[in-house]
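Report on the structure given below.
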Amino acid sequence: MTGREDHDPPLSGMRVLDLTTGPMTAVGRLLADLGAQITVVTGLSATRAVQPDDLDVVINRHGLPSTAVDPGSAADRHRWAGLLAGHDILIEDTAPGSPDEAALAVHDIQRAHPELVILSISDFGRDNDFRGWQATTPVLHALSSALSRSGVPGRVPLVPPGRQLPYQVAAAQAAALVTAVYLDRLRTGRGDLIDFSVLDGAMQTLDPPFGTAGTAAAGVAVSAQERNWAAERQRYPIVGCADGYVRICLLSKRQWRGMFEWMGRPAEFADPKFDRLRERFGSPTLLPSIERFARDKTRAELEAQGRRHGVPTAAVLTVAEALQTDQVRERGFVREVDTATGVRIPVPVGVVEIDGHRASTLTAPPTETAPMTAAPRLAARARRDEGLPLEGIRVLDLGVIVVGSDTGRIFGDLGADVVKIENSAFPDGLRGNLASISQTYAAGHRNKRSIGIDLRSADGRALAHRLVADADVVLTNFKPGVAETLGMDHRTLHAINPGIVVVDSSAFGPTGPWAERLGYGPLVRSAAGFTDQWVYPGEGHLHCDTVTVYPDHVCARVGALAALALLLRRERTGTGGAASIAQSEVMLSHLAGQIAETALGRAPVPDAAWGVFPSAGTDAWVAVTVRDDTDWQALCAVLARPDLAGDAALATRAGRSAARSRIDRIVADWTAQRSPAEAMTVLQAAGVPAGAVLRAAQLPDWDYYRQRRAFREELHPLWTTPFVMENVQVHSDRIADPPLRQAPLLGEQTRELAAELLGLDDAQISDLLARGVLESVQPAESGRVGV
């Protein structure tokens, strides 16, 4: 990375009024780091105020200018109208049904300022029967189904680490969506009002049950997975060693062969059947043998030996250890800053690199930039008039597995023409096989067309470069060095098309001593300090981050945001650019508040009745969370326990924390007599945030998700029965639901695209197909498969 003075933050010229006060201040932080001019507005909320000791908010607000508006002052009301007229985006998170919501009156604002893009954030959205419900981190985990897949079967589900993790990932989704709508506003002159639900964002972006799943799932969609800790340990085994734990990856035949050689070719596992993933997963003796093999070696030794043998291996680090790695230090990801309150804390320095420069207000403080008034390059593009903001934009998608599929899918869902470039020699691991389409592949590659090109050949690269000449965005997440070998790196493509935007995602970033490490999500979680924390209290040996694909989906949103930001800059400058996202840094940014607390020696005091409690039924649970004294009194009323409500010793959080065991038993006795749905409904009606621990299969039938049109059934031509996938991405006045274009077979549209985009005739296409430069698999060549 560089600190070049010529760095041009891509969102310069975007003017944002930010009224948020809680964890969703993370949206403004993401936009500010990319160059948006954020003005924090205070005084308009009578019932919500920024807590000065909330370090997450302090970090999100660091360095951003603010202005106070007094709604009781005629002069300030006039000034507020001027602020609205002079800005592009308004972000607000008033509570639905509250006096603040009524006083702000965003619909009146929209009518008065139709060019304004309004991002209206709430826990459950504002267009449904659940609009008055309230969320917290455990509640969001429960209602998104992520909690049902965390922990050991038979025990209480384990809330993942990261006290604001669902909000952090939802913020990335919100930032990407509002930027897409803003780009469209520059093309059309019309603003919009986005009704953004944090629960929707958390469900779609953390560990989506009906989204794409990793290759370790062995073809089983997340929606079909249950807590099975013993089986899941086989996917990315964590084994003890001389100084802690390491996690290894044995998914491919090559990786297994490397492990076999590393262990000294034990005769017990010499049978070629162990080349098969299912055989290894089903072996009762393989994992114990690996554990014995690793027991006397250090983490550093195992990492080094694993690399030599081609076995991806990562030490399970604490957060403190992760921050002290050479990778984090050399990339300068954390910097100490002085806050407005005079406290010095460590903060992440942005999660996106633009043109090799860390995009951050800490490296490039916001400056006054002329506002953008139009997008002349894109405004001239033809549109299909389907009500989608990215119509007319073409994306070449070379991405693979989860983060690769989702980044392109976001563009496709929002109307871009996404062309997936593939090759049968190196197919996307999500496919399953070339003659069919897995459910997880269908979820991640809908609304795309596929062209089969052999990029290893000179003729294939020449064809791809012709596609690049008329494209807007290229998405990649190859192993380090592969894009350059294939001639699809930014430097090569910029020479072909100076306006091209290239986005790359990798495990640890493009620079530093770990740049070439393989980047499987579970290994990244281990190296970033998440795995070490994903344990039951006092049971540090029982690592439980098993069934999850975090951080792939959120990194896809960050990548999409970066691409959109660079497209906006291209409208100002005529030149594209390159963006890089390090998945490990995105994860560490989600722990920013915790990192700062640790540095200051602070230990948060938990309230009682904050956790997951048993309910009536088999493996049935409900998350209950008391945030403050008001929630406590409401909970006591639900429990019909005036004695607790009147107990002076329990009137404060500290007092309740000291009595936590007793209070939790009382709450558990109450929840155990009710179904999760009943307990949740009664508590929410009283104002206490609560959520049933829903399994994936329950989500499509829950009224909330039905009312939000969150899912849809699809019958793919290659399947005999329909399956469920996500539906709506943007709830707004103007944006339509995603198109219904189904995921393609490898090269299914090769002939169509070669003629349409490359101008080739039938004879030329047939010749290229015969020579293997182009490839195409057609539906007629394969039969339907069942779920």
Whether the side chain of T205 engages the backbone of A202 through a donor-acceptor N/O pair (distance < 3.5 Å, no angle test) should be reported.
no
For I91 and T20, which heavy atoms make the closest approach, and how far apart are they?
CG2-CG2, 3.6 Å
Hey, could you give me the CH2/SG distance between W534 and C544, rounded to the nearest 0.5 Å?
9.5 Å
Start with the C-alpha distance between V549 and T212, add both sets of side-chain angles, then the distance that settles side chain to side chain contact (heavy atoms under 4.5 Å, CB included), and finish with yes or no.
CA-CA 9 Å; V549 285; T212 46; over 6 Å; no
Is there any salt bridge (charged side-chain N to carboxylate O under 4.0 Å, His left out) pair reaching into residues 533-544, and which pairs are they, with sequence neighbours excluded?
R155-E539
Has D532 got a side-chain atom pairing as donor or acceptor with L317's backbone, closer than 3.5 angstrom?
no
pair F333-S584: side-chain heavy atoms closer than 4.5 Å:
no
Under the 3.5 angstrom rule, does the side chain of Q324 hit a backbone N or O of E321 as a donor-acceptor pair?
no
Hydrogens and angles aside, do E330 and T511 bring a side-chain donor and acceptor to less than 3.5 Å of each other?
no
Using only heavy-atom distances, determine whether the side chains of S289 and R292 contain a donor-acceptor pair under 3.5 Å.
yes
Salt bridge (charged side-chain N to carboxylate O under 4.0 Å, His left out) between R308 and E261, intermediate numbers included
CA-CA 11 Å; R308 286 198 298 270; E261 295 291 336; over 6 Å; no
If the threshold is 4.0 Å, N to carboxylate O, is there a salt bridge linking E353 and R331?
yes
Are the side chain of Q327 and the backbone of W514 linked by a donor-acceptor contact shorter than 3.5 Å?
yes
Main-chain N/O of V156 paired to Y536 side chain as donor or acceptor, under 3.5 Å:
yes
Nearest 0.5 angstrom please: S506 OG to I581 CD1, how far?
8.5 Å
Treating R280 as the side-chain partner and W256 as the backbone partner, does any N or O pair qualify as donor plus acceptor under 3.5 Å?
no
Between H309 and W262, what is the ring plane arrangement, given parallel below 30°, perpendicular above 60°, and tilted in between?
parallel
Distance col, row T137:OG1 vs Q164:CD, nearest 0.5 angstrom, shows 6.0 Å
Please list, chain by chain and in numerical order, all residues satisfying side chain to side chain contact (heavy atoms under 4.5 Å, CB included) with E516, sequence neighbours excluded.
P480
Do side-chain atoms of D123 reach the backbone of A135 as a donor and acceptor pair under 3.5 angstrom?
yes
One pair to check against side-chain hydrogen bond (donor to acceptor under 3.5 Å, both in side chains): R358 and S580. What are the steps and the verdict?
CA-CA 9 Å; R358 179 78 71 177; S580 294; over 6 Å; no
Flag for T476-D504: side-chain donor and acceptor within less than 3.5 Å
yes
Is a donor from one side chain sitting under 3.5 angstrom from an acceptor on the other, for Y550 and H590?
yes
Contact summary for C241 and V246, nearest pair of heavy atoms:
SG-CG1, 4.3 Å
Taking all heavy atoms of A654 and all of V605, pick out the closest pair and write down the distance.
CA-CG1, 4.2 Å
Contacts satisfying salt bridge (charged side-chain N to carboxylate O under 4.0 Å, His left out) that involve residues 343-352 (not counting sequence neighbours) are E336-R344, D338-R344
R660 vs D607, test: salt bridge (charged side-chain N to carboxylate O under 4.0 Å, His left out). Steps then yes/no.
CA-CA 7 Å; R660 179 165 189 167; D607 212 317; over 6 Å; no
For the pair T625 (side chain) and P689 (backbone), establish whether a donor and an acceptor sit closer than 3.5 Å, ignoring hydrogens and angles.
yes
Stepwise side chain to side chain contact (heavy atoms under 4.5 Å, CB included) check, W632 with R627:
CA-CA 8 Å; W632 168 245; R627 298 165 298 183; over 6 Å; no
Minimal heavy-atom distance between H490 and A578, with the atoms involved, is CG-CB, 3.6 Å
Rounded at 0.5 Å granularity, tell me how far CG in D664 sits from CH2 in W610.
12.5 Å
Cut-off 3.5 Å, side chains only: do Q204 and R557 have a donor facing an acceptor?
no
Please report the C-alpha distance between D629 and R653 in whole Å, then the side-chain angles of each, then the deciding distance to 0.1 Å, and finally whether the salt bridge (charged side-chain N to carboxylate O under 4.0 Å, His left out) criterion is met.
CA-CA 7 Å; D629 297 346; R653 172 178 294 182; over 6 Å; no
Give every donor-acceptor pair under 3.5 Å between a side-chain atom in residues 22-32 and any protein atom, sequence neighbours left out.
{"unit_1": "T25", "atom_1": "OG1", "unit_2": "G22", "atom_2": "O", "d": "2.8"}
{"unit_1": "T25", "atom_1": "OG1", "unit_2": "N60", "atom_2": "ND2", "d": "2.8"}
{"unit_1": "R29", "atom_1": "NH1", "unit_2": "I59", "atom_2": "O", "d": "3.2"}
{"unit_1": "R29", "atom_1": "NH1", "unit_2": "N60", "atom_2": "O", "d": "3.0"}
{"unit_1": "R29", "atom_1": "NH1", "unit_2": "H62", "atom_2": "O", "d": "3.0"}
{"unit_1": "R29", "atom_1": "NH2", "unit_2": "D33", "atom_2": "OD1", "d": "3.3"}
{"unit_1": "R29", "atom_1": "NH2", "unit_2": "T361", "atom_2": "OG1", "d": "2.6"}

Roughly how far, to the nearest 0.5 Å, is the CD1 atom of I401 from the CG atom of D552?
9.0 Å
Considering residues at least two apart in sequence or located in another chain, which fulfil the side chain to side chain donor-acceptor pair (under 3.5 Å) criterion with R517?
E303
After noting the C-alpha distance and the side-chain angles of F508 and E585, does the key distance pass the side chain to side chain contact (heavy atoms under 4.5 Å, CB included) rule?
CA-CA 7 Å; F508 300 102; E585 293 173 354; over 6 Å; no
Any donor-acceptor pair under 3.5 Å linking the side chain of S150 with the backbone of L158?
yes
Side chain to side chain donor-acceptor pair (under 3.5 Å) against Q168, all qualifying residues, sequence neighbours excluded
none
Checking side-chain hydrogen bond (donor to acceptor under 3.5 Å, both in side chains) against D207, which of R149, H141, H553 comes through?
R149
About how many Å separate OG1 of T179 and CG of L34, when rounded to the nearest 0.5 Å?
8.0 Å
Are T531 and R247 close enough that a side-chain donor and a side-chain acceptor fall under 3.5 Å?
yes
